[in-house]
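Just so it is clear, the structure is predicted and the values come from calculations on it, not from any experiment.
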Amino acid sequence: MERGLLWLPLLVMFFWLAWQGSKEYQKVEAYRAWAEQFERAKYDIYAVLGQKGNNITWGKPTPKGPVKLETFSLLDLKEIYLLVDDKKVDLENIPEKGRSIELEFLFSESVDSVRVPFTEIPLAAEWGKFLQGTLESLRSQGNQ
C-alpha cells in the first residue's frame, strides 16, 4: 500500500508531462501548416513570425494555430532594433545572455512600435540582420 502511494505522484507527473508534450506538438503542427504560405518563417514558444514579400506577420502560437496575428509592411518601417533586456544592441556584437529578447519595429508614420519576442539572441539577431538588409534594399530601389 505504501509503495503504491509513493508511485502515485510519479504517475501523475508522467501523465502531466505527456499532456504538455502533446500540447506543444499540436502547436508545432499548427505552425507548420500556417508557415507554408510564407517565404521565411520562425516559431518559438513566445511568437511566430512570417515574411512574404514586403509584409511581416506575427502572432502568438497556440495548439489551434497562431492567434492575435498582426501584419505590417516593411515599407512603413523607419528602423529595426534588437532589444536585449530593453536595451538596444548592435546586431554585429550581440551579448551571450539576456532575459528579454525582442525585435522592435519602429514605424515612420506613427509613434507606435511592434515588439516581437524571441527565445534566443542569435536567432533574433539573424532575423534582424535579414530584415534590415531587406529594408535597405527596398529603400535603395525606391531612391532609384
Side-chain angles (χ1 to χ4, degrees), residues 5-144:
L5 291 175
L6 290 174
W7 285 99
L8 185 62
L10 289 174
L11 184 62
V12 169
M13 185 174 288
F14 172 77
F15 282 112
W16 180 80
L17 286 172
W19 177 71
Q20 289 293 337
S22 171
K23 245 174 72 172
E24 195 60 34
Y25 177 77
Q26 289 172 349
K27 282 184 189 179
V28 171
E29 287 302 309
Y31 159 75
R32 191 181 325 254
W34 175 81
E36 288 177 358
Q37 63 185 316
F38 296 101
E39 297 162 8
R40 183 178 169 111
K42 81 100 179 167
Y43 168 87
D44 67 29
I45 59 174
Y46 295 132
V48 294
L49 182 71
Q51 183 233 348
K52 184 174 185 178
N54 296 337
N55 291 326
I56 303 292
T57 302
W58 77 283
K60 182 172 174 44
T62 67
K64 295 181 180 174
V67 296
K68 298 182 182 175
L69 293 172
E70 294 181 34
T71 301
F72 58 88
S73 174
L74 286 172
L75 299 171
D76 297 335
L77 292 180
K78 179 170 62 172
E79 288 293 329
I80 300 172
Y81 296 114
L82 173 60
L83 302 177
V84 177
D85 297 329
D86 291 323
K87 296 176 187 153
K88 293 178 188 173
V89 173
D90 180 21
L91 289 173
E92 300 300 327
N93 190 13
I94 60 174
E96 291 183 25
K97 294 181 182 177
R99 290 190 173 160
S100 169
I101 304 149
E102 299 172 313
L103 274 182
E104 182 178 37
F105 300 93
L106 295 175
F107 297 98
S108 39
E109 295 297 319
S110 72
V111 190
D112 296 334
S113 69
V114 169
R115 289 186 172 189
V116 179
F118 281 75
T119 54
E120 298 176 15
I121 296 173
L123 181 62
E126 181 184 316
W127 268 91
K129 288 177 190 175
F130 174 78
L131 292 174
Q132 272 190 336
T134 305
L135 183 59
E136 288 170 9
S137 70
L138 287 171
R139 287 179 180 161
S140 66
Q141 288 173 0
N143 292 338
Q144 293 177 356

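For residues 78-89, every residue pair satisfying the salt bridge (Lys or Arg N to Asp or Glu O under 4.0 Å) rule, not counting sequence neighbours, is listed here: D86-R115. Within the structure, salt bridge (Lys or Arg N to Asp or Glu O under 4.0 Å) pairs that include any residue of residues 55-66 do not occur (at least two apart or interchain). Listed by first and then second residue, the ring pair (Phe, Tyr, Trp, His ring centres under 6.0 Å) pairs involving residues 62-89 are F72-F105, F72-F107 (not counting sequence neighbours). Evaluation of the side-chain hydrogen bond (donor to acceptor under 3.5 Å, both in side chains) test over residues 14-28, restricted to residues two or more places apart or in two chains, returns E24-Y43.
Heavy atoms only, all atoms of each residue included: T119 and D44 are closest at N-OD2, 3.1 Å. For the pair I94 and P122, the tightest heavy-atom approach, listed with the atom from each and the gap, is CD1-CA, 4.1 Å. Taking every heavy atom of both residues into account, V116 and A47 meet most closely at CG1-CB, 4.1 Å. The two atoms that bring P66 and V48 nearest to each other are CB-CG2, 3.7 Å, heavy atoms only.
Partners of T134 according to the side-chain hydrogen bond (donor to acceptor under 3.5 Å, both in side chains) rule, which considers only residues two or more places apart in sequence or in another chain, do not exist here. Among residues two or more places apart in sequence or in another chain, the side chain to side chain contact (heavy atoms under 4.5 Å, CB included) test is passed with K52 by F38, E39. With sequence neighbours excluded, the residues forming a side chain to side chain contact (heavy atoms under 4.5 Å, CB included) with S73 are N54, N55, L75, D76, listed by chain and number. With sequence neighbours excluded, the residues that form a side chain to side chain contact (heavy atoms under 4.5 Å, CB included) with K129 are L91, E92. By the side-chain hydrogen bond (donor to acceptor under 3.5 Å, both in side chains) test, S113 pairs with E104, sequence neighbours left out. Residues meeting the side chain to side chain contact (heavy atoms under 4.5 Å, CB included) test with E136, sequence neighbours left out: none. For E126, the salt bridge (charged side-chain N to carboxylate O under 4.0 Å, His left out) partners two or more places apart in sequence, or in a different chain, are R40.
Within the 4.5 Å cutoff, side-chain heavy atoms of L103 are placed close to those of L82. Using a 4.5 Å heavy-atom cutoff, the side chains of I101 and Y46 are not in contact.
The CD1 atom of I80 lies 5.0 Å from the CG atom of L131; values are rounded to the nearest 0.5 Å. One distance of note links CG of L49 with CD1 of I56; it measures 6.0 Å at 0.5 Å rounding.
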Going through the checks in order, is the side-chain contact (heavy atoms from CB on, under 4.5 Å) test met by L17 and F14? CA-CA 5 Å; L17 286 172; F14 172 77; 5.9 Å; no
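For Q37, the CD atom is densely surrounded, since the number of other residues' heavy atoms within 6.0 Å is greater than 12.
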Tell me which donor-acceptor pairs under 3.5 Å the side chains of residues 28-35 have, and how far apart each pair is, sequence neighbours excluded?
residue : atom : partner : partner atom : Å
E29     : OE2  : R32     : NE           : 3.4
E29     : OE2  : R32     : NH2          : 3.0
Y31     : OH   : K42     : N            : 3.3

